[in-house]
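One structure is given below, encoded as structure tokens.
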Amino acid sequence: MKPISLEEAVALIPNGASVMVGGFMGVGTPERLLDELVRQHKTELTLICNDGAVPGRGVGKLFDAALVSTLTASHIGLNPKVQQQMMAKQVSVDLVPQGTLVERIRAGGCGLGGVLTPTGVGTMVEEGKQQIKLNGKTYLLETALRSDFALIHAFLADYLGNLTYALTARNFNPVMAMAADTVIVTAEHVVPVGVIAPDHVATPAPLVDYLVANG
Amino acid sequence: MKPISLEEAVALIPNGASVMVGGFMGVGTPERLLDELVRQHKTELTLICNDGAVPGRGVGKLFDAALVSTLTASHIGLNPKVQQQMMAKQVSVDLVPQGTLVERIRAGGCGLGGVLTPTGVGTMVEEGKQQIKLNGKTYLLETALRSDFALIHAFLADYLGNLTYALTARNFNPVMAMAADTVIVTAEHVVPVGVIAPDHVATPAPLVDYLVANG
Amino acid sequence: MDPQTLIARRVALELRSGYLVNLGIGIPTLVANYVPAGLNVFFQSENGLIGTGPIPEQGMAHPLLTDAGGRPISALPGASTFDSAMSFGLIRGGHVDMTVLGGLQVDADGHLANWMIPGKMVPGMGGAMDLVAGAKRVIVAMQHAAKGKSKIVRKCNLPLTSSRPVDLVVTDLAVIGFPGGRITLLETAPGVRVAEVLAVTEADLMIPTEVPEMKI
Amino acid sequence: MDPQTLIARRVALELRSGYLVNLGIGIPTLVANYVPAGLNVFFQSENGLIGTGPIPEQGMAHPLLTDAGGRPISALPGASTFDSAMSFGLIRGGHVDMTVLGGLQVDADGHLANWMIPGKMVPGMGGAMDLVAGAKRVIVAMQHAAKGKSKIVRKCNLPLTSSRPVDLVVTDLAVIGFPGGRITLLETAPGVRVAEVLAVTEADLMIPTEVPEMKI
């Protein structure tokens, strides 16, 4: 893990990059990194996250600034801007069931090619996907998802990069922290090594490439 | 969750049952449940666990008492009794790569039909399995594993059944606690509700069917 | 009693002690207010919490403790938090005993449509497809009709949420089930006659010889 | 220097700062004793720990803190523990920068056999198949020959551990690699001549014009 400034961290991300962003309706989202993405005006992003949040908050800010060209998410119902940009064909949206989305990201992070899920069988979600029958039950083959960058928000981060998350701000963060080529983390608190007990680490230090410095 | 005596807990398990047992080389194994399985002489068990442990310890006790007819595990090299019983065809052994074993159990617990893994491609492990190519890479389709019972050893259990594990005694325990019809738990310490912080719960209470009472 | 309260109170009677329950957004959320006394029920919020409590007292909300809609909630003693992989492992893996979801349409085969109206409203399925695929018991809580049109239809013309049929539908007019795979009127709302239900229902309901009134 | 120490010390020179490293049982375990000064390396134990430390002082061992062989170990400040799904997610997912494994045979294609001798010894593959499939760099640390027979063979006749070739083999006589996919003698052990290596090697090694001696 390398400490890095907010500005330098976002400068690593080129236009057109694929970016996973942790958070659920803006809770557990690395807001400072998103603000800086807007400030540096990184465009044509392929965004992978749970939902579209709301305007002005979480990944909603990226749609406010029209930085996203492709979105993979499970729910966009609470952000009218995403709906508008989708209808206007400014953003291409791939809607994925939430449990399938997190398993596809987990597969990407864990070296699995994909998983077999019953979710979506017999619905629009099955279109174009291989179906596999096992013991009389039908499953969809859902393939692994990875990205160039994962932007992660932790509760505690220690000097080595070990991370914990708090309450419902955990959500997609630890799963995405395994599924990207470069993992950039912000934290509510950066603490000395040893403050986080080994049993409480949710993301082990070697997974973190960059920890954004405080202030 | 229902509190239960050790004797009653094991009395639930019929001869011939399939049983997952947590632990890794006997570390994190519910030893009291295994001792009671031996005392009640439950036979013809289908055992699913990481390894064969060593004689006199962990699941090794089940082989000492010749209670196992089928074993699914990743490693049996440190228990000569398992090797002997396998060679004598008293025990049928299915060796599974450790990462594949834990993913198959996780799939069973998470409602997935299976996963695609690169592990085992081009080895004896691929025999009889479907191969799936994605983006030029070959994967084996490994199917979900479930069992009638999971015998789990926790560090802390609260009165509701929330569980934590300690250090390397976690291993297969939380994964197996999701993959069996009936989950029976022993704990190093039973503590009041609230002692375990929500962020530190590894196995949420609703997964636990029976918690073996102290003493 | 207003229709939403009626529906929520009737659904709450389906709760059993020890249940792990997931409530969708809207009317389903209200079910938590009517848990029968003495029942120990775990409510899951799919953003990563078991043990959701009521809306926090003034000043007690924490920005990192929210429901699936992003609104502040509280956590009860014995609560647990986890990541989304675990949350949907619980859902898909059959560990959720009961889920209560809103609906746009339910048809005679028990199929639910509740995640999009093509060309008009595309909120996305969120966790709904996993919940219907995985929960042990699926209950739909919704108004019987919208803008004068029955939401209990012969065949859904909106995109389905799952090929797995739901188990029970509770509306402001009726309780509808699928015994033997046939859509059946099980109960009527207080003061509502069977004929009134039939008049506003597109699907052909089976009518048992006796149709009791909801006991609220 | 005894052969095991030689091998372990040579392998240790492959470590880089920040590496996450998994060491197999046997000679590989010894590598942890020879980490070059100033290098910050994370060692993983696949039973669920990153940050393994040395064998604990007398009386400091804890029965719930062990290595993959079940023996007591210690944990360094900044260690983390996790379940087996996470442990192998790290391994299979390419997060382990380097693994060091023992071997029974390595062949000219770089294929490793290290988990069974049919009809004789069937310990099982444990985590080895996942490690070879998933780690970024796979190093085999083993004796060059056993009972006078070369372990560097033309083609493995023992069951393979993976179809993915290993990256480097370090023995008591030589360092062998696979540049351009061809099995090649990269270094000789101190005081060992190239001809001596060739004499006890079944596989046909490529010999570069200059073969340096291991720098220990």
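In what follows, every chain begins at residue 1, and chains take the letters A, B, ... in the order their sequences are listed.
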Exceeds 12 heavy-atom contacts within 6.0 angstrom, atom CD1 of D:I55: no
A:L207 vs D:L90 side-chain heavy atoms within contact, under 4.5 Å: yes
Side-chain heavy-atom pair D:I50, A:P206 within 4.5 angstrom cut-off: yes
Chain D interface, residue from A:P198, A:G111, A:A197 that has the most non-hydrogen pairs under 4.5 Å: A:P198
Step through the atoms of chain A and chain D and list each donor-acceptor pair whose separation is under 3.5 Å.
from	atom 1	to	atom 2	distance (Å)
A:G109	O	D:H95	NE2	2.8
A:C110	O	D:R92	NH1	2.8
A:N162	ND2	D:G78	O	2.9
A:M178	O	D:H95	NE2	3.1
A:P198	O	D:T81	N	3.1
A:P198	O	D:T81	OG1	3.3
A:D199	N	D:T81	OG1	3.4
A:D199	OD1	D:T81	OG1	2.5

Proximity breakdown for D:A85 and chain A, heavy-atom pairs closer than 4.5 Å: both
Distance in Å, A:C110 SG paired with D:I91 CD1, rounded so as to fall on 0.5 Å steps: 11.0 Å
Region of A:A144 in contact with chain D, defined by heavy-atom distances below 4.5 Å: neither
